[in-house]
Number of protein chains: 2
Amino acid sequence: MLHRRIVSALTDNILNLIGNVSGYVIYLSGTQLAKRLMSAYLDKITDFIERLDMETANVLENCSVAKVFKKGDFLLRQGDVCKKSYLVESGIVRKYYLHDGKEITTELIFAGDIAVAFDSYCLQAPGREFIQAVTDVTVAVTDYAVFQKAKQQYPKLTALDLLMTEYYAMWLENRLFQFQTMDATQRYRLLIQKDPHVIQNVPLTYIASYLGISLETLSRVRAKM
Amino acid sequence: MLHRRIVSALTDNILNLIGNVSGYVIYLSGTQLAKRLMSAYLDKITDFIERLDMETANVLENCSVAKVFKKGDFLLRQGDVCKKSYLVESGIVRKYYLHDGKEITTELIFAGDIAVAFDSYCLQAPGREFIQAVTDVTVAVTDYAVFQKAKQQYPKLTALDLLMTEYYAMWLENRLFQFQTMDATQRYRLLIQKDPHVIQNVPLTYIASYLGISLETLSRVRAKM
DNA sequence: CGGATTAATTGACTTAAGTCAAATAATCCG
DNA sequence: CGGATTATTTGACTTAAGTCAATTAATCCG
């Protein structure tokens with residue numbers, strides 16, 4: 001069921017983003033509080049979905065189509081308009097852009113989470129981001145136009161879209177917070193603490209650029225652990 | 001008129017965020033393209049507001065109340081729940097949090113733009129951010145609960161909220177992009193190119209932490225210009 | 001399997017930016 | 001005004017992280 005997955009994905013995600021980095025308390029008022037708050041927000045989304053009327057729930061359900069991509073395949077290329085959103089069912093996807101010939105990973109997307117080039121999707125205009133399958137993946141593809149239309153007919157879908165966009169904005173705020181307050185080691189520790197499977201499945205090059213550090217620095221950070 | 005201001009604020013903001021930093025082309029496909037795209041998005045918001053039915057437009061209009069703050073006053077303190085959003089009518093407001101005893105400015109808000117502690121507002125839970133008047137300011141205050149209620153009755157307000165939240169998320173993505181691809185000098189140049197009045201009105205300490213650099217580094221960057 | 005390509009580590013050196021401390025400059029207010 | 005507080009600059013030094021280059025490890029596929 002689409003929505004259940006979205007929600008569980010969000011739960012995982014929150015646990016990934018906020019936490020205690022070996023003695024390093026993130027939210028001023030403490031990690032535990034932050035977790036509770038964010039969970040509360042997820043509950044809000046869960047509740048919201050569960051309270052949807054049958055018809056709206058059904059429309060949401062039928063908005064997406066399953067699709068498979070092989071490792072290395074591109075779901076979206078730089079310069080393309082992002083006309084689909086991809087709910088990852090299995091496997092790993094990443095978003096990245098090129099800068100000075102280097103790939104800068106902006107997001108690592110695991111099962112249950114949604115992959116979309118946000119600005120390109122909102123603007124329906126060519127963007128700089130690539131979306132690529134890091135492993136073989138299965139995704140639930142939702143078309144932009146279809147969802148837009150559905151939102152017009154079923155206003156609650158707009159409210160749901162808003163909740164999820166708010167969540168994404170909070171995720172971005174958190175990422176920014178990490179960049180402004182944590183060094184390479186702390187950022188890496190936080191990542192592996194919350195997404196331990198990242199290490200087995202994602203090349204360190206991707207992880208390094210995701211953390212905003214060089215591959216060599218990441219390697220050295222890992223060495224002393 | 002509230003909405004007009006929101007829109008013109010957004011326009012300014014976009015011109016602030018994306019641009020050519022003395023020979024440094026930001027969007028891969030070029031600054032001009034990015035500007036056009038973001039403007040198009042603003043047009044979308046403008047259009048949306050202009051097409052609102054009388055009743056909805058009226059409700060939106062009557063959601064807010066004028067208020068004045070003196071320089072240094074706090075609109076919100078760390079640990080408080082952000083129950084209001086503040087549309088700045090005149091003056092400058094900033095958002096910041098404390099980290100290791102230092103103030104980290106997260107946003108500088110000018111006339112026409114909205115000041116809100118986003119996560120605290122969405123979660124309706126205590127947050128880490130302070131919102132403070134950098135100069136004497138007049139703001140249009142909108143209550144969270146009132147706006148929530150209005151959205152329930154007038155679905156188009158939800159759609160408007162979504163558009164603005166999408167805009168904020170894109171703003172955050174852009175800020176993240178700047179942190180990952182630009183050095184101190186480039187970030188400073190971009191800021192003053194787009195917000196030249198910042199220099200006259202905002203203490204360099206605030207600007208430095210907003211750019212994610214130390215006051216001394218900012219001073220040195222400014223010296224060689 | 002085993003050579004070849006790709007990924008990761010390690011070493012040596014550079015550099016952007018941070019820190020600490022002191023000196024100016026600006027502004028505020030009695 | 002003029003002293004006091006606050007803001008900014010400048011200097012000297014440190015440091016986290018980057019770069020370049022070489023090596024080792026892993027994995028891919030014929």
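Because only heavy atoms are used, hydrogens play no part in the values below, and waters and symmetry mates are left out as well, while side chains stay in. This one's a predicted model, so the numbers in the text were calculated from it and none came from an experiment. A note on names: the letters A, B, ... follow the listed sequences, proteins ahead of strands, and every chain is numbered from 1.
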Q.
Pair Y210(A), Q180(B) - check side-chain hydrogen bond (donor to acceptor under 3.5 Å, both in side chains), show working.
A. CA-CA 9 Å; Y210(A) 176 68; Q180(B) 281 199 293; over 6 Å; no
Taking [atom1] from [X] and [atom2] from [N], how many angstroms apart are they, rounded to a whole number?
X       : N       : atom1 : atom2 : answer
I104(B) : dG18(C) : CD1   : P     : 11 Å
Y206(B) : dA7(D)  : OH    : P     : 7 Å
N201(B) : dA7(D)  : CG    : C1'   : 15 Å
I199(B) : dT9(D)  : CD1   : P     : 10 Å
L218(A) : dA7(C)  : CG    : P     : 14 Å
Q200(A) : dA26(D) : CD    : C1'   : 15 Å
L211(B) : dG18(C) : CG    : P     : 11 Å
D183(B) : dA17(D) : CG    : P     : 17 Å

Which nucleotide, [options], lies nearest any side-chain atom of [X]?
X       : options                  : value
S219(A) : dT19(C), dT9(C), dT19(D) : dT9(C)
E216(A) : dT9(D), dC20(D), dA17(D) : dC20(D)
S214(B) : dA17(C), dT8(D), dT19(C) : dT19(C)
T217(B) : dA8(C), dG18(C), dA17(D) : dG18(C)

**Q.** Side chains of T165(A) and T165(B), donor plus acceptor under 3.5 Å
**A.**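 The criterion, which ignores hydrogens and geometry beyond distance, is not satisfied for T165(B) and T165(A).
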Q | Electrostatic pair K71(B)-D136(B), nearest N-O below 4.0 angstrom | A |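 Answer for the salt bridge query: no.
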Q.
For E129(A), is there an ion pair with R94(A) - N to carboxylate O distance below 4.0 angstrom?
A.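 Salt bridge: no.
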Q) If we call it a pair only when both distances are under 3.5 Å in a Watson-Crick or G-U wobble match, what pairs with dA26(D)? A)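 In the structure as shown, dA26(D) has dT5(C) as its Watson-Crick or wobble partner.
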Q. Counting only Watson-Crick or G-U wobble pairs whose two distances fall under 3.5 Å, which nucleotide matches dG18(C)?
A.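 Because both required distances fall under 3.5 Å, dG18(C) counts as paired with dC13(D).
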Q.
Using 30° and 60° as the class boundaries, would you call the ring planes of Y96(B) and F74(B) parallel, tilted or perpendicular?
A.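 Because their plane-to-plane angle lies in the 30° to 60° range, the rings of Y96(B) and F74(B) count as tilted.
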**Q.** Along DNA chain D (nearest heavy atom to each residue), the more 5'-positioned of V202(B) and R220(A)
**A.**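 Nearest nucleotide further toward 5': that of V202(B).
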Q | Distance below 4.0 Å between K224(B) side-chain N/O and dT10(D) OP1 or OP2 | A |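 Looking at the OP1 and OP2 atoms of dT10(D), neither is under 4.0 Å from any side-chain N or O of K224(B).
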**Q.** Sugar-phosphate only, base, or nothing, as touched by L215(B) at under 4.0 Å among non-hydrogen atoms
**A.**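 It contacts base atoms.
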